[in-house]
*Asks:* 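Sharing a structure below in structure tokens format, with a few things to ask.
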Amino acid sequence: AHVSAARYGKDNVRVLKTDRDAATGIHTVTEMTVSCLLEGDIDVSYTKGDNSVVVATDSIKNTIFITAKLNPVNPPELFAAILGSHFIDTYSHIHAANVKVITHRWTRMEVRGKPHPHSFLRDGQETRNVEARISRKGGIVINSGIEGLTVLKSTGSAFHGFVRDEYTTLGETWDRILSTDVDATWKWKTFADVAAVREAVPKFNPAWEQAREITLTRFAEDESASVQNTMYKMCEQILGAVPETELVTYSLPNKHFFELDLSWHKGIKNTGKDAEVYVPQSNPNGLIKCEVARG
Ligand SMILES: O=c1[nH]c(=O)c2nn[nH]c2[nH]1
């Protein structure tokens, strides 16, 4: 037997960084959860118990905090690239770093009608994510994303014309509630090194803003024929809006809200066009995934 693949490191490293503008007194906070897993000539630590090749996960954790102190943590794409490159540059036997940066929402408070200089609120569990693979041979591959953005629309969603056979009980609908937790990613064209990522810095925040805006707008405005068709339109539009991306993915649970027949009680009409009271379903849920490439 032999090690066919291995990576190790520290997961769930929580970091909060404050950036204070001395001139304006305006503070910005960034909270992230970082994972950093290393690959390289480390097999003997698995096969022989030889720890001479192991950069301890505790040291990886320390490096994450030091890197956050000495470098910008925004955009997260740049921080991930800097962090991963540190390990390739510092340890000749480490050949790849897999960095995931999950940034949590601290939205600046509006107080007395004005943005507050140092107060923030957690407006949702939505996160902005970056997964970067920094490797000696393959450069820096970055996937940016949005996760946990929960949305619902109370009409503008249909689902009909699907396979009907001896397994089908689902009725066709031209008007249903649609709800999902958005998990979207966009893959950047490979960057040669950190310098190339620095050059692209002005593109990362606008790309996230556009991807989020496209997602919300298409979700709201599309007369959805299915989750599949609506998510494809989102992918197409993101590819069009962000030329430096080569691939977009969505993974959308279909969080069902069932109509409830109440006709047994005095003939109450509560289905179809009369549906008002629904039963939210925790499970099972549909799960619709796609990856859309250029061309
Ligand atoms: O949008 C939908 N796509 C599907 O594939 C599906 N299956 N059941 N309901 C569904 N809704």
Side-chain angles (χ1 to χ4, degrees), residues 102 105 123-129 131 143-187 207-242 245-265 268-295:
I102 297 169
R105 289 176 71 83
D123 56 344
Q125 291 311 303
E126 170 193 349
T127 59
R128 172 178 172 184
N129 299 349
E131 292 200 62
N143 279 277
S144 302
I146 295 166
E147 191 174 7
L149 171 56
T150 301
V151 291
L152 179 144
K153 66 190 304 187
S154 50
T155 189
S157 169
F159 186 63
H160 49 78
F162 49 89
V163 170
R164 290 209 84 77
D165 60 14
E166 65 272 31
Y167 296 97
T168 308
T169 54
L170 182 70
E172 295 192 301
T173 177
W174 281 258
D175 185 359
R176 68 176 180 179
I177 288 179
L178 182 62
S179 180
T180 190
D181 304 325
V182 173
D183 178 350
T185 73
W186 47 103
K187 181 180 183 182
W208 172 76
E209 286 154 12
Q210 285 173 294
R212 191 172 191 275
E213 189 59 39
I214 287 165
T215 299
L216 294 175
T217 303
R218 272 344 257 273
F219 177 81
E221 294 183 346
D222 190 42
E223 282 302 323
S224 176
S226 64
V227 175
Q228 287 90 333
N229 187 230
T230 301
M231 74 205 299
Y232 181 80
K233 294 173 181 175
M234 295 171 180
C235 291
E236 274 187 317
Q237 198 172 345
I238 292 172
L239 284 173
V242 191
T245 55
E246 56 184 31
L247 194 70
V248 178
T249 75
Y250 273 79
S251 175
L252 300 179
N254 193 349
K255 302 173 76 179
H256 306 295
F257 288 73
F258 284 178
E259 290 188 3
L260 180 63
D261 185 338
L262 292 175
S263 59
W264 51 272
H265 183 83
I268 291 177
K269 293 183 179 309
N270 190 56
T271 57
K273 64 177 177 35
D274 300 307
E276 294 171 296
V277 173
Y278 295 80
V279 188
Q281 301 294 303
S282 304
N283 57 52
N285 58 269
L287 180 57
I288 320 290
K289 291 174 176 278
C290 76
E291 177 183 286
V292 176
R294 291 187 184 283

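Side chains included, hydrogens not; waters and symmetry mates left out as well; all remaining heavy atoms used. Both counts, for ligands and for their atoms, begin at 1 and track the order of listing.
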*Asks:* Examine the side chains of Glu213 and Thr217 and answer whether a donor and an acceptor come within less than 3.5 Å of each other.
*Replies:*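 Per modelled atom types, Glu213 and Thr217 side chains form a pair under 3.5 Å.
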*Asks:* Specify the closest pair of heavy atoms between Pro253 and Asn285, including all atoms of both residues, with the distance to one decimal.
*Replies:*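 Where Pro253 meets Asn285 most closely, the heavy atoms are CB-ND2, 3.7 Å.
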*Asks:* Please, which pairs that meet salt bridge (Lys or Arg N to Asp or Glu O under 4.0 Å) have at least one residue in residues 166-183, sequence neighbours excluded?
*Replies:*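 Pairs touching residues 166-183 that pass the test: Asp181-Lys255.
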*Asks:* For Tyr167, does the OH atom have more than 12 heavy-atom neighbours from other residues, nucleotides or ligands under 6.0 Å away?
*Replies:*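 Open: at most 12 neighbouring heavy atoms sit under 6.0 Å from OH of Tyr167.
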*Asks:* Quick one about Ser144 and Arg128 (side-chain donor to acceptor, distance below 3.5 Å, no hydrogens or angles considered), yes or no?
*Replies:*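 No, Ser144 and Arg128 have no side-chain donor paired with an acceptor closer than 3.5 Å.
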*Asks:* When you pair each N or O of ligand 1 with protein N or O atoms, which pairs come out under 3.5 Å?
*Replies:*
unit_1	atom_1	unit_2	atom_2	d
ligand 1	1 (O)	Arg176	NH2	2.8
ligand 1	1 (O)	Val227	N	2.9
ligand 1	3 (N)	Gln228	OE1	2.9
ligand 1	5 (O)	Gln228	NE2	2.9
ligand 1	11 (N)	Arg176	NH1	3.0
ligand 1	11 (N)	Arg176	NH2	3.4
ligand 1	11 (N)	Asn254	ND2	3.3

*Asks:* Tell me whether the count of non-hydrogen atoms from other residues, nucleotides or ligands lying under 6.0 Å of OH in Tyr278 goes above 12.
*Replies:*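 Yes, because the 6.0 Å sphere around OH of Tyr278 holds more than 12 heavy atoms from other groups.
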